[in-house]
Amino acid sequence: MVAIGFVIGTIGTLIGAGGGFLLVPILLLLDPHMAPAVVTGISLAVVFFNAASGSIAYARMGRIVYRAGIAFSLAALPGAVIGAYTISYIPRSVFNGIFGCLMIAASVYLMTASESQTEDKQLGNYNLWLGAAISVVVGFLSSVLGIGGGIIHVPALTRVLDFPVHMATATSHFVLSITALVATIIHLMNGTLTGQFGSILWISIGAIFGAQAGAMLSTQMKGSWILRLLAAGLGLIGIRILLPLF
């Protein structure tokens, strides 16, 4: 579990996605009978520890845009709360279908978008209100699917708000640390995570150290390659999750 957490933390922090997009399918494949609420609850708890660790590393590098990060976090919180309560009403087969389709759609989008990313781009003026509106949707989807929202937020920040990739991944991670914490608290209050604390502990330990490694690796990788890595991973995972449904 520690090794799985380290890999998830490294890749999740590198691409600003929190690692939930990897942990959720792992949990789905390891236990076909695990309830969606338990899957998302475990994932969001690990995402919080991963995102908090990664945010500390990114803060030291000066990559987090705090004005945007705070505004987007506040906007995402209502969606995260609603999503945490909604997931218990979604059947496992429906959850798998939605999750798989979202992974493939995000993969195709990122693969076509990665070519246009320039490495020396500077942060310009961006529409804070538009970003907040997007964050409301991101907060809900991330809480329902347990993925943290980075796979949606990073493309939105880079393509819609024109953030440089490395600032987008860092700011997204900062937002994840806040929204994932709130969603995790709700799952704790609901009793969803009862009996799962051991798994969360060991995976989170690996994720915390992996987050530091991912932040360091991000300084060595071009922004376009970060997006390509994210796209490839999402596509493979989406296909694997959807296959049993056909």
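V65 and I56 are not part of a single hydrophobic cluster, where members link through side-chain heavy atoms under 4.5 Å apart. Note: the hydrophobic cluster containing V47 does not contain L181 (ILVMFWY, side chain heavy atoms under 4.5 Å, direct or indirect links). When the side chains of ILVMFWY residues are joined at heavy-atom separations under 4.5 Å, either directly or via intervening members, L77 and I64 end up in a single hydrophobic cluster. Follow the hydrophobic side-chain contacts under 4.5 Å out from V175 and you reach I134 in the same cluster. When hydrophobic clusters are built by joining Ile, Leu, Val, Met, Phe, Trp and Tyr residues whose side-chain heavy atoms come closer than 4.5 Å, directly or via intermediates, F140 is not grouped with W129.
Between L161 and N127, the shortest heavy-atom distance links the atoms CD2-O, 3.6 Å. Residues A207 and V46 share a closest heavy-atom pair of CB-CG1, 4.0 Å. For the residue pair L27 and V39, the shortest heavy atom distance occurs at CD1-O, 3.8 Å. Across all non-hydrogen atoms, the minimal contact from T40 to I87 is OG1-CG1, 3.7 Å. Residues A84 and A183 approach most closely at CB-O, 4.3 Å, considering heavy atoms. Closest approach of A75 and A132 over heavy atoms only: CB-O, 3.3 Å.
With hydrogens and angles ignored, the 3.5 Å screen pairs no side-chain donor or acceptor of S143 with any backbone N or O of G139.
With sequence neighbours left out, F209 forms a ring pair (Phe, Tyr, Trp, His ring centres under 6.0 Å) with no residue at all. Judged as a ring pair (Phe, Tyr, Trp, His ring centres under 6.0 Å), and not counting sequence neighbours, F49 has no contacts.
Atom CD1 of I8 and atom CD1 of I203 lie 6.0 Å apart (nearest 0.5 Å). Atom CZ of F48 is separated from atom OG1 of T179 by 10.5 Å, given to the nearest 0.5 angstrom. Here the straight-line distance linking atom CD1 of I200 with atom OG1 of T184 works out to 7.5 Å at 0.5 Å rounding. I178 contributes atom CD1, which lies 7.5 Å from atom CG of L74 (distance to the nearest 0.5 angstrom). Distance check, rounded to the nearest 0.5 Å: CG of L23 to CD1 of I11 gives 12.0 Å. Here CD1 of I42 is found 4.5 Å from CE of M34. Values are rounded to the nearest 0.5 Å.
Residue Y66 forms a ring pair (Phe, Tyr, Trp, His ring centres under 6.0 Å) with just one option from Y58, F174, F72, and that option is F174.
By the 6.0 Å contact criterion, OH on Y89 is open, its count of non-hydrogen atoms from other residues, nucleotides or ligands being 12 or less.
At a threshold of 4.5 Å between non-hydrogen side-chain atoms, the residues H173 and N50 count as touching. Looking at heavy atoms from C-beta onward, N190 lies in side-chain contact with Y85 at the 4.5 angstrom threshold. Between R67 and L128 there is a side-chain heavy-atom pair separated by less than 4.5 Å. Between F197 and L201, the closest side-chain pair of non-hydrogen atoms is not below 4.5 Å.
Cluster partners of M216: none. The rule joins Ile, Leu, Val, Met, Phe, Trp and Tyr whenever side-chain heavy atoms lie under 4.5 Å apart, and it links nothing here.
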